[in-house]
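Scroll down for the structure; my scribbles are underneath it.
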Amino acid sequence: MKKLLILLLFAPNFLLAIPLTLSEYIAKNPSWNSSDRPSLSYITLRCGVLFEQISELYKNNVEEQETYKIAPTDAINFFRASSDIYKTSCINYECIKVEKKDSQEKVKKWALIYKEELMNNINNNGEMIHGDIKSDFSTCKIKVKPILK
């Protein structure tokens, strides 16, 4: 019984951990930045969610105002790119509605995952950008952002 209680206490953290970093996802989907538009939409969506979560956590942190100033703009640009990709991939309004709903569900899922991971990083490492978050953050900045320009 005690083991079950311990498992239940730690299960949410385990369930919300980043299952696949963006770098790992990109390695498994090598055409993400050319012909694989669904992968590019997914990647830009995740980047948007990550930067949105970073923005929310940094906005009240006086020491990190420079990062905060950039993160909201980056989040908007990533979300816009993701939306534009799925909209141009659809041939009718019904498809756009389905894709939009799917995108909203992904945003909810990734917002929970990233927020939990960011808070864990702050609590365990004293910094937000660490581990898998650092990997995703770097991937978004170095690999994804340049192709959106």
Side-chain angles (χ1 to χ4, degrees), residues 7-61 64-125 127-149:
L7 178 63
L8 289 174
L9 289 173
F10 292 105
N13 289 339
F14 176 73
L15 294 174
L16 293 178
I18 297 174
L20 189 67
T21 66
L22 285 172
S23 183
E24 293 166 336
Y25 182 88
I26 285 171
K28 290 182 178 187
N29 298 279
S31 60
W32 69 275
N33 62 351
S34 58
S35 61
D36 187 357
R37 295 180 59 76
S39 286
L40 181 57
S41 181
Y42 171 78
I43 290 166
T44 54
L45 179 82
R46 275 188 55 183
C47 288
V49 173
L50 174 60
F51 278 73
E52 182 180 64
Q53 292 302 311
I54 289 170
S55 172
E56 283 299 309
L57 292 172
Y58 271 147
K59 74 179 176 186
N60 296 322
N61 185 334
E64 299 292 346
Q65 285 303 303
E66 286 306 310
T67 304
Y68 170 70
K69 288 177 187 174
I70 298 167
T73 303
D74 285 344
I76 290 167
N77 290 336
F78 286 126
F79 281 132
R80 186 174 293 135
S82 179
S83 176
D84 289 349
I85 293 164
Y86 77 71
K87 285 179 182 173
T88 58
S89 299
C90 287
I91 57 172
N92 59 39
Y93 182 67
E94 190 60 37
C95 172
I96 291 172
K97 284 183 3 186
V98 169
E99 290 295 326
K100 183 176 180 179
K101 184 167 177 54
D102 184 49
S103 177
Q104 290 169 339
E105 292 301 315
K106 287 177 187 171
V107 167
K108 288 178 190 175
K109 171 191 168 190
W110 283 104
L112 288 172
I113 291 170
Y114 280 132
K115 186 174 186 176
E116 178 76 20
E117 198 69 19
L118 288 163
M119 295 307 296
N120 284 340
N121 282 346
I122 292 168
N123 294 333
N124 298 332
N125 305 301
E127 61 183 332
M128 194 180 304
I129 311 296
H130 185 82
D132 287 346
I133 291 288
K134 187 172 189 171
S135 173
D136 280 6
F137 182 81
S138 296
T139 299
C140 292
K141 291 293 262 184
I142 296 167
K143 293 183 178 178
V144 182
K145 189 175 178 181
I147 69 166
L148 299 182
K149 294 183 179 197

Quick one: pull up [atom1] in [X] and [atom2] in [Y] and give me the separation to the nearest 0.5 Å.
X: Lys143; Y: Ile43; atom1: NZ; atom2: CD1; value: 9.5 Å
X: Lys115; Y: Leu50; atom1: NZ; atom2: CG; value: 14.0 Å
X: Leu45; Y: Ile85; atom1: CG; atom2: CD1; value: 10.0 Å
X: Leu118; Y: Asp132; atom1: CG; atom2: CG; value: 11.0 Å
X: Gln104; Y: Lys101; atom1: CD; atom2: NZ; value: 7.0 Å
X: Glu127; Y: Asn121; atom1: CD; atom2: CG; value: 7.5 Å

Do [X] and [Y] make a side-chain contact, defined as non-hydrogen atoms from C-beta onward lying under 4.5 Å apart?
X: Ile122; Y: His130; result: no
X: Lys28; Y: Leu20; result: yes
X: Leu40; Y: Ile147; result: yes
X: Val49; Y: Lys109; result: no
X: Met128; Y: Ile54; result: yes
X: Glu99; Y: Cys90; result: yes

For Lys100, look at atom NZ and say whether over 12 heavy atoms of other residues, nucleotides or ligands are found less than 6.0 Å away.
no
Flag yes if more than 12 heavy atoms outside Lys134 fall under 6.0 Å of its NZ atom; otherwise flag no.
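Open.
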Has Ser82 got a side-chain atom pairing as donor or acceptor with Phe78's backbone, closer than 3.5 angstrom?
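No, the answer is negative, given that no donor and acceptor are paired below the 3.5 Å cut-off.
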Side-chain donor/acceptor of Thr21 to backbone N/O of Glu24, under 3.5 Å
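Checking the backbone N and O of Glu24 against the side chain of Thr21, a donor-acceptor pair under 3.5 Å is found.
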When you check the side-chain N and O atoms of [X] and [Y], is any donor under 3.5 Å from an acceptor?
X: Asp136; Y: Tyr114; answer: yes
X: Thr139; Y: Tyr25; answer: no
X: Ser23; Y: Ser135; answer: no

Ignoring hydrogens, what is the shortest heavy-atom contact between [X] and [Y]? Give both atom names and the distance.
X: Asp36; Y: Ser39; result: OD2-OG, 2.5 Å
X: Glu52; Y: Ala75; result: N-CB, 3.6 Å
X: Lys141; Y: Ile70; result: NZ-CG2, 3.8 Å

Residues Phe79, Phe51; criterion ring-ring contact (aromatic ring centres under 6.0 Å, His included); working and verdict:
CA-CA 10 Å; Phe79 281 132; Phe51 278 73; over 10 Å; no
So, are Asp84 and Arg80 salt-bridged, with charged N and O less than 4.0 Å apart?
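Salt bridge: no.
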Test side chain to side chain contact (heavy atoms under 4.5 Å, CB included), reference Trp110, set Gln53, Glu105, Arg46, output is Arg46
Start with the C-alpha distance between Trp32 and Val144, add both sets of side-chain angles, then the distance that settles side chain to side chain contact (heavy atoms under 4.5 Å, CB included), and finish with yes or no.
CA-CA 10 Å; Trp32 69 275; Val144 182; 4.1 Å; yes
